[in-house]
Amino acid sequence: MDAYPMSYTSPSHRNSSRIYQDLAKFRLSNQACTDVEIQRAVVDLKSKTHTRKYSRTPEICVVGAGLAGLRCADILLQHGFKVTILEARDRIGGRAHQAALPSGHLVDLGPNWIHGTDHNPILDLAKATKTTMHTWGENLRVFGEDGDLLEEGKEISNVMWKIIAKAFKYSAQNGSTIDPNESLKDFFDKNVLEEFPGEGQTAKKKILMQMAELWGAFVGSPFHRQSLKFFWLEECIDGENLFAAGTYKDIIAEIAAPALAAANIELSTKVVQIRSSSDVISISTDSGRTIEFDEVVVTAPLGWLKKNKHVFDPPLSARLYSAIDSIGYGSLEKVYLTFSRAFWLDNPTDQKFTGFIQWLAPQYAMETNPARWNQEVVDLSTLPGLCAHPTLLFYMYGDQSVAMANELASRNSRDERDKYLVEFFKPYISRLPNYNDGSEDCTPISCLATTWVLDEFAGNGSYTTFRTGLLEGDRDIEAMREGLPGRHIWFAGEHTAPFVALGTSTGAYWSGEAVGLRIAEVYEKTANERGLQHDEAATLVGGDSGKEVNIRGFADKGLENWSEL
């Protein structure tokens, strides 16, 4: 989830929270733990692991050089394995990738955010690499369906997040009895009447439901398809949610450094078959080559697994196939529009029009947006120091992301694509302060759009999501996380992460680390003197930091009474 997730579990309830117990089991499987329930889970996990005997250095294949694959390779190298990474792209990083604007500024095409700051290894890496982070705090502007700025936008937005918090708690407490077909929208339909019961509040109800649709930008699919039964799996690590103003570039470089130094990395190498027989894994590539390994770690995205189950010979277990098919895969696209200067900041009152900006169900752009998709943007002109540049970053999800990617793919030249983007976003840009239709300052000088939904190596999407109809979402994640160690096949990636980090870069990092440690345990190998840190989960489960509700990095002002929902 790439835009502003939240956590509602209070520190006092973490020992009894399944999502935090899962994190502890995930992170502490190789060290002692004092919590009785977590101890039992760890013992159960270890009971499924059988040691392997070997007379030479085991050779491990890691499929994919994204965050999960790179971190897994690092752990394996620390434990003395030979590691080969096979990457289909001509670069490392996977979905964590950057592009340069004409100004020279880099922007992230994949993850922009670090989700939660409490004991988050990605934030630790950001600090270590001196990557600048940023939060826009409570800055929010909302335009109504007629294009006018809503004075009550902030107030209604707070109510929306109040209902989101209630939905998290309701899902966690009642998941076993919630109808699998019940959606987050259904929950909103019931609760909006409680928040605005009066006949004279019809307009506020309508705006609230329009705002609620923006949940889609968190999970990459509409809120009417968000599973209420498994909504609790969308909770994220506590703390602030920070925007990577300096991009993920140096963070990725830090994660990749050990693999680049000591692993065999083969780029532009597509895996077409993974054959497991007796104690050997045979990997066939698109060049016709076949290579043998002792173990394989598949870190390809969930969307890729959905489309490429035939790669495995013999087939994966029925339980694994069911898990891969059942968990949803969302789509989130980004459009960066850069201007000669940030004209929207010119304000005689010195009150900058910046932060998050939303345009709800626009009626005034029917020619370009007949479905009246909401639009949301963050302003990059107010990033700190040299990171600032006059660019607006739009987020799109679900049907809109698919439609826009297809529109861009149908245009043959860069000029045609830029023209389409300028025309599409003009109705929203024209609502910003100081807009002048005849001014060159108000026309984008650069357009950059992602098309992950058309990218086969990204699995034609972005990240894991939990949709209506899902019956065993948590068990499905656990099944993919477990993999098939008896057949020497392991899986890593954001779709196998701890529940509290699913769909995030932190989750991908943790998942690669966990598989590396599990393989090391199978071979009874110990790490070199660089060592590993495993303190995060203990603190997360028993610590006293964090807020009851964490929304977009907003302070808890006005939310104090929500903790006992």
Side-chain angles (χ1 to χ4, degrees), residues 48-54 56-66 68-69 72-73 76 81-89 94 263-327 329 455-461 464 472 475-496 508 511-512 514-516 518-519 522-523:
K48 300 177 182 178
T49 302
H50 304 284
T51 58
R52 309 231 209 278
K53 302 301 181 182
Y54 59 97
R56 54 174 176 75
T57 302
E59 298 187 43
I60 317 297
C61 176
V62 177
V63 178
C72 184
L76 292 170
F81 292 96
K82 290 183 180 179
V83 179
T84 294
I85 301 177
L86 302 180
E87 168 57 52
R89 300 183 190 277
N264 172 35
I265 302 178
E266 299 188 21
L267 302 178
S268 301
T269 303
K270 182 178 178 180
V271 171
V272 298
Q273 189 172 56
I274 299 174
R275 183 181 295 110
S276 54
S277 59
S278 63
D279 289 334
V280 176
I281 289 287
S282 297
I283 307 291
S284 298
T285 70
D286 55 347
S287 66
R289 209 165 37 123
T290 298
I291 322 167
E292 292 188 348
F293 297 95
D294 295 291
E295 312 283 338
V296 62
V297 182
V298 181
T299 72
L302 175 61
W304 186 91
L305 292 176
K306 288 177 178 290
K307 294 175 179 291
N308 291 276
K309 295 191 290 290
H310 62 276
V311 164
F312 298 92
D313 179 27
L316 300 175
S317 67
R319 183 65 188 91
L320 255 176
Y321 279 143
S322 174
I324 290 169
D325 288 336
S326 297
I327 299 299
Y329 196 59
D455 186 333
E456 65 168 316
F457 301 137
N460 302 105
T464 297
E472 296 184 297
R475 302 305 180 195
D476 291 331
I477 295 297
E478 290 172 340
M480 290 189 288
R481 186 191 295 172
E482 176 64 20
L484 293 172
R487 283 176 49 185
H488 309 271
I489 299 173
W490 312 76
F491 293 93
E494 53 82 14
H495 53 289
T496 69
S511 74
V515 168
R518 287 174 64 198
I519 293 175
V522 164
Y523 286 88

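As the structure is a computational prediction, the values presented were derived from the model and not from experiment. We number each residue from 1, following the sequence as shown.
Residues Val522 and Pro485 have side chains not in contact (no heavy-atom distance under 4.5 Å, counting atoms from C-beta outward). Between Glu472 and Glu478 the shortest side-chain heavy-atom distance does not fall below 4.5 Å. Counting only heavy atoms from C-beta outward, the side chains of His495 and Leu305 approach each other to under 4.5 Å. Contact check for Trp304 versus Val63: no side-chain heavy atoms found under the 4.5 Å cut-off. Between Arg289 and Glu266 there is a side-chain heavy-atom pair separated by less than 4.5 Å. Two residues are said to be in side-chain contact when any heavy atoms from C-beta on lie closer than 4.5 Å; Cys72 and Trp490 fail this criterion. Side-chain atoms of Val298 and Phe312, non-hydrogen and from C-beta on, do get closer than 4.5 Å to each other. Inter-residue side-chain proximity for Leu316 and Ile324 is flagged as met; some heavy-atom pair is nearer than 4.5 Å.
Distance alone, capped at 3.5 Å, is enough to place a donor-acceptor pair between the Lys309 side chain and the Lys306 backbone. Judged purely by atom type and a 3.5 angstrom limit, Thr496 uses its side chain to pair as donor or acceptor with the backbone of Gly493. Checking side-chain atoms of Asp455 against main-chain N and O of Ala458 turns up a donor-acceptor pair under 3.5 Å.
Atom CG of Leu302 and atom NZ of Lys307 lie 11.0 Å apart (nearest 0.5 Å). Rounding to the nearest 0.5 Å places CD of Gln273 at 5.0 Å from OG of Ser284. Note that CG of Leu320 is 5.0 Å distant from CG of Leu484, once rounded to the nearest 0.5 Å. For the atom pair Ile281 CD1 and Ile274 CD1, the distance stands at 7.5 Å (nearest 0.5 Å). Atom CD1 of Ile489 sits about 11.0 Å away from atom SG of Cys61, to the nearest 0.5 Å. Rounded to the nearest 0.5 Å, atoms CG (Leu86) and CG (Asn264) are 8.0 Å apart.
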Worksheet item: Passes side-chain hydrogen bond (donor to acceptor under 3.5 Å, both in side chains), Glu494 versus Thr464? Steps please.
Response: CA-CA 7 Å; Glu494 53 82 14; Thr464 297; 2.9 Å; yes
